[in-house]
Amino acid sequence: MEGLKNIMEDDVERQLNKLLPTMPNICSCDICRLDMATYALNRLKPNYVRSDKGELFHKVNTSSIQAKTDLMSVVVTAINTIGARPSHD
């Protein structure tokens, strides 16, 4: 539906961009990155917004240390899981 965005996609992408460069032995090609994002997003609660105000509200709600830790944990698990068995040669 036009105008809706799962803001968790941005959060997962930011974490992948932050963490993958620190893991040189993990494939970070586009296929693996999409698989990692898919894995993580399927394990996180979606958070849809339709405006900048909704995005700001999301940032405030996810600024706690616990929310950041939960997100990082899911993304690290996705990286390790997909990295151990990439879906390509």
Going from CD1 on Ile26 to CG on Leu19, what distance comes out if it is rounded to the nearest 0.5 angstrom? 11.0 Å
Run the numbers on Tyr39 and Thr77 for side-chain contact (heavy atoms from CB on, under 4.5 Å), then give the verdict. CA-CA 9 Å; Tyr39 182 100; Thr77 300; 3.6 Å; yes
How long is the span from the OG atom in Ser87 to the CD1 atom in Ile82, to the nearest 0.5 Å? 7.0 Å
Hey, quick one: are Leu41 and Met72 part of the same hydrophobic cluster, counting side-chain heavy atoms closer than 4.5 Å, chains of contacts allowed? yes
Roughly how far, to the nearest 0.5 Å, is CG of Asp30 from CG of Asp35? 11.0 Å
Please answer: with hydrophobic residues joined when any side-chain heavy atoms are less than 4.5 Å apart, are Met23 and Leu16 in the same cluster? yes
With Arg50 as the cation and Tyr48 as the aromatic partner, state whether NZ or CZ is under 6.0 Å from the six-membered ring centre and within 45° of the axis. no
If you round to the nearest 0.5 Å, how far is CE of Met36 from SG of Cys27? 6.5 Å
For the CD atom of Glu9 and the CG atom of Asn47, what is their distance to the nearest 0.5 Å? 11.5 Å
Verify side-chain contact (heavy atoms from CB on, under 4.5 Å) between Thr38 and Arg33, making sure each step is shown before the conclusion. CA-CA 9 Å; Thr38 301; Arg33 289 176 65 84; over 6 Å; no
Could you tell me whether Asn42 atom CG has more than 12 heavy atoms of other residues or ligands within 6.0 Å of it? yes
Taking every heavy atom of Val12 against every heavy atom of Ala37, the minimum-distance pair comes out as CG1-CA, 3.9 Å
What do the steps show when you test Gln15 against Asp11 for side chain to side chain donor-acceptor pair (under 3.5 Å), and what is the final call? CA-CA 6 Å; Gln15 282 298 313; Asp11 291 348; over 6 Å; no
Nearest 0.5 Å, please: how far is CG in Asp70 from CD1 in Ile65? 12.0 Å
Can Ile31 be reached from Val75 by stepping across I, L, V, M, F, W or Y side chains whose heavy atoms are under 4.5 Å apart? no
Lys5: which residues meet the side chain to side chain donor-acceptor pair (under 3.5 Å) condition with it, sequence neighbours left out? Asp10
Which heavy atom of His88 sits nearest to which heavy atom of Cys29, and what is that distance? NE2-SG, 3.4 Å
